[in-house]
Each structure stands twice: as structure tokens, then as C-alpha cells.
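A short worksheet on the structure shown next.
A quick note: this is a predicted structure, and the numbers were derived from the prediction, not measured.
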Amino acid sequence: MDHRFVGTAELVETPSVAVVVDVMRAFTVAAWVFARGAEKIVLAGSLDEALAWKACRPDWMTLKDGPPAPGFDLVNSPGLLRSADLGGRTVVQKTTAGTVGALAVKEASLVLCAGFVVAEATAEAVRTCESDSVTFVVTGEDGQAEEDLACAQYIARRSTEPETDAADFLRRAARSRAATELEQGLRQGSHPDDGALCMELDRFPFAMVARLEGPLMVLRPCPTPSSTGAART
């Protein structure tokens with residue numbers, strides 16, 4: 001299986017299979033949204049689009065990067081979401097990098113959104129997708145985010161070499177600029193535990209698959225055949 005690692009801006013054609021990685025924090029947050037009971041996540045192309053969907057469907061909840069803002073119910077922080085009650089809800093998510101990357105490959109036959117918290121389930125989905133080529137979209141820092149690249153490379157390696165150990169990849173992610181900024185409290189709309197929560201390997205037993213549903217790009221959890229037990233919440 002051929003693995004390619006590209007930044008969002010480097011995409012020149014729609015891949016057949018895409019794994020979109022945003023560790024800190026979009027897709028760690030997405031996993032927590034599902035763990036807290038949400039039915040689906042709608043990936044928005046802009047803040048205005050997120051608010052427009054909310055205006056049409058007042059029961060939907062909206063989520064964004066940065067500090068709280070009028071019209072938005074949630075911020076992009078796993079630490080602030082882990083006690084939320086999202087049972088049966090639809091959450092509209094707009095972030096700086098992760099949602100942008102997923103929307104850039106919305107025409108792919110399979111789009112997986114990932115972070116370390118769903119790494120093994122994602123690797124299993126890659127193993128079973130029967131594709132000769134998988135494109136890993138490294139979303140942070142214009143494709144240079146070390147935590148996203150480390151996670152992407154770990155999932156790629158794990159998909160072909162199931163005994164691969166995560167330790168070196170996690171160490172790389174822990175030294176990244178994003179991890180340092182979260183540790184130092186430099187990112188708005190964050191919780192002191194966000195960095196650690198983003199580094200929890202395989203906390204959740206599902207992959208996350210994004211598909212076009214009419215005009216919407218919708219993300220849903222997808223348990224893998226080998227998943228056992230419930231998520232640790």
C-alpha cells in the first residue's frame with residue numbers, strides 16, 4: 001500500500017482514500033463529541049455557514065476554535081467538552097485546520113478523520129479499505145505540524161505493521177509547537193488538560209468517517225470489527 005503525506009494546500013487531485021489528521025485539537029474534540037453522545041458532526045466551511053445552519057436548525061449546536069463567541073455553544077477543547085451532555089445532538093464544527101482539510105477531500109471515496117485518540121481504529125479502517133493508495137492530509141501549520149505528521153505516520157505504519165509501537169511518535173507530538181502552546185496556556189478557548197487529552201492513545205474504539213449527505217459533509221463514528229468495550233469517559 002502506497003502512503004502519501006501532504007498538507008491541505010498540496011492537494012492537487014482528489015484521492016481515493018484520505019485520512020485527515022488534526023491532533024490538537026479538531027479531531028480529538030470530534031471524538032469527544034461522539035463519546036459525549038452526539039449523533040453526528042456537520043463540518044462547516046466558515047463561521048458564517050455554521051451560524052446559518054444553526055439558524056435553520058436551532059436544536060443543532062455550534063463549535064469553533066478560540067474563545068466563546070455569540071451564536072456558538074461550544075469551543076474546540078476536549079477538556080471543556082468531556083463533561084458535556086450531547087446525547088443525540090448534531091454539532092456543527094468549524095476549525096482553522098481540521099475541518100478545512102476534511103472539506104478539501106470531500107469527494108474522496110473514503111474520508112477518515114483522526115487523531116491519536118482513535119489511531120488504532122483508524123489504522124484498522126485503512127487496513128480493510130482495499131485501496132492501493134492512501135493519502136494522509138496533515139492539516140496543522142500548512143502541513144508542517146509535527147503532532148499531525150507523527151500521528152499520520154503512526155497510523156500509516158500501524159496499518160501495515162500492526163506491532164508498531166507508538167512511543168516515538170507520541171514523543172514527537174509532545175515536543176510539537178502546538179503541544180507547547182497548549183501546555184503554556186497560549187491558545188484561547190483551551191483547558192489545561194487539553195494537551196494530555198490529545199495524546200491519549202486509542203482512548204476511543206471507533207474510527208470517524210466523513211461523507212457527503214446532500215449538501216453537508218457529515219462526520220460519524222464507525223466502530224471497527226475488532227472494537228471491544230466502551231469508550232473510557
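At a threshold of 4.5 Å between side-chain heavy atoms, the hydrophobic network of Ile, Leu, Val, Met, Phe, Trp and Tyr places V6 and V20 in one connected group. In the hydrophobic clustering of ILVMFWY residues, with side-chain heavy atoms under 4.5 Å counting as a link, V126 and V138 come out together. A single hydrophobic cluster is not seen to contain both V75 and V29; linkage of ILVMFWY side chains at heavy-atom distances under 4.5 Å, directly or through other members, places them apart. L103 and L11 end up in the same hydrophobic cluster when Ile, Leu, Val, Met, Phe, Trp and Tyr side chains are linked at under 4.5 Å. Under the 4.5 Å side-chain heavy-atom criterion for Ile, Leu, Val, Met, Phe, Trp and Tyr, V218 and L43 are members of distinct hydrophobic clusters.
Atom CZ of R177 has 12 or fewer neighbouring heavy atoms from other residues, nucleotides or ligands inside a 6.0 Å radius. Other residues, nucleotides and ligands place more than 12 heavy atoms under 6.0 Å from the CD atom of E161. Counting non-hydrogen atoms of neighbouring residues, nucleotides and ligands closer than 6.0 angstrom, the CD atom of E181 exceeds 12 such neighbours. The number of heavy atoms from other shown groups lying within 6.0 Å of CG (D59) is above 12. Taking a 6.0 Å sphere around CZ of R127, one finds it holds more than 12 heavy atoms contributed by other residues, nucleotides or ligands. Within 6.0 Å of atom CD in E183, 12 or fewer heavy atoms from other residues, nucleotides or ligands are found, so the atom counts as exposed in its surroundings. Atom CG of D2 sits in a crowded spot, with more than 12 heavy atoms from other residues, nucleotides or ligands closer than 6.0 Å.
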### Query
Can you check side-chain contact (heavy atoms from CB on, under 4.5 Å) on V21 and F27, steps first, answer last?
CA-CA 7 Å; V21 181; F27 296 138; 6.0 Å; no
### Task
Check the pair V111, M217 against side-chain contact (heavy atoms from CB on, under 4.5 Å), reporting the backbone distance first and the verdict last.
CA-CA 10 Å; V111 179; M217 186 66 164; 4.0 Å; yes
### From CA spacing to verdict: side-chain contact (heavy atoms from CB on, under 4.5 Å), R187, D65
CA-CA 9 Å; R187 295 200 172 189; D65 278 333; over 6 Å; no
### Query
Taking it one step at a time, do E120 and R158 satisfy salt bridge (charged side-chain N to carboxylate O under 4.0 Å, His left out)?
CA-CA 7 Å; E120 181 55 32; R158 189 85 180 178; 2.6 Å; yes
### Task
May I have the step-by-step check of side-chain contact (heavy atoms from CB on, under 4.5 Å) for R203 and L197, ending in yes or no?
CA-CA 9 Å; R203 175 153 192 155; L197 290 171; 4.2 Å; yes
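Taken from CZ in R36 to CG in D85, the straight-line distance is 7.0 Å, to the nearest 0.5 Å. One distance of note links CE of M24 with OG of S190; it measures 12.0 Å at 0.5 Å rounding. Distance check: L86 CG to L81 CG gives 6.5 Å after rounding to the nearest 0.5 Å. Separation of atoms OG1 (T99) and CG (N76) is listed at 8.5 Å; rounding is to 0.5 Å. Taking OG1 from T96 and CD from E141, the interatomic distance works out to 12.0 Å, rounded to the nearest 0.5 Å. Atom CZ of R175 and atom CD of E147 lie 12.5 Å apart (nearest 0.5 Å).
Nearest heavy atoms, L51 versus P70: CD2-O, 4.3 Å. Across all non-hydrogen atoms, the minimal contact from M208 to A31 is SD-N, 3.6 Å. A pairwise comparison of heavy atoms in S131 and S16 identifies OG-OG, 4.3 Å as the closest pair. Nearest heavy atom pair, residue L201 against residue A166, reads CD2-CB, 3.5 Å. Minimum interatomic distance between E146 and S176 (heavy atoms only, all atoms of both residues): CB-CB, 4.0 Å. When all heavy atoms of G7 and V137 are compared, the pair lying nearest together is C-CG1, 4.4 Å.
Side chains of T8 and T139: a donor-acceptor N/O pair is absent below 3.5 angstrom, by distance only.
Side-chain atoms of V42 and T90, non-hydrogen and from C-beta on, do get closer than 4.5 Å to each other. At least one side-chain heavy atom of D73 sits under 4.5 Å from a side-chain heavy atom of K54. Two residues are said to be in side-chain contact when any heavy atoms from C-beta on lie closer than 4.5 Å; E39 and V91 fail this criterion. Put simply, the side chain of V33 does not reach to within 4.5 Å of the side chain of Q93, judged on heavy atoms. Side-chain atoms of T135 and V105, non-hydrogen and from C-beta on, never get closer than 4.5 Å to each other. Looking at E107 and L212, their side chains come closer than 4.5 Å, going by heavy atoms from C-beta outward. Within the 4.5 Å cutoff, the side chain of I41 has no heavy atoms near those of the L63 side chain. Considering only heavy atoms from C-beta on, I155 stays 4.5 Å or farther from L112 through its side chain.
The list of ring pair (Phe, Tyr, Trp, His ring centres under 6.0 Å) pairs with a residue in residues 88-145, not counting sequence neighbours, reads H3-F136, F5-F136.
Between the side chain of T62 and the backbone N or O of G71 there is at least one donor-acceptor pair closer than 3.5 Å. At least one donor-acceptor pair closer than 3.5 Å links the side chain of R82 to the backbone N or O of G79.
A salt bridge links E213 with R220: the distance from a Lys NZ or Arg NE/NH1/NH2 to an Asp or Glu carboxylate oxygen falls below 4.0 Å.
Between F206 and F34, the ring planes lie perpendicular to each other; the angle is over 60°, past the 30° to 60° tilted range.
Of the residues D194, D193, D148, the one that meets the salt bridge (Lys or Arg N to Asp or Glu O under 4.0 Å) test with R25 is D194.
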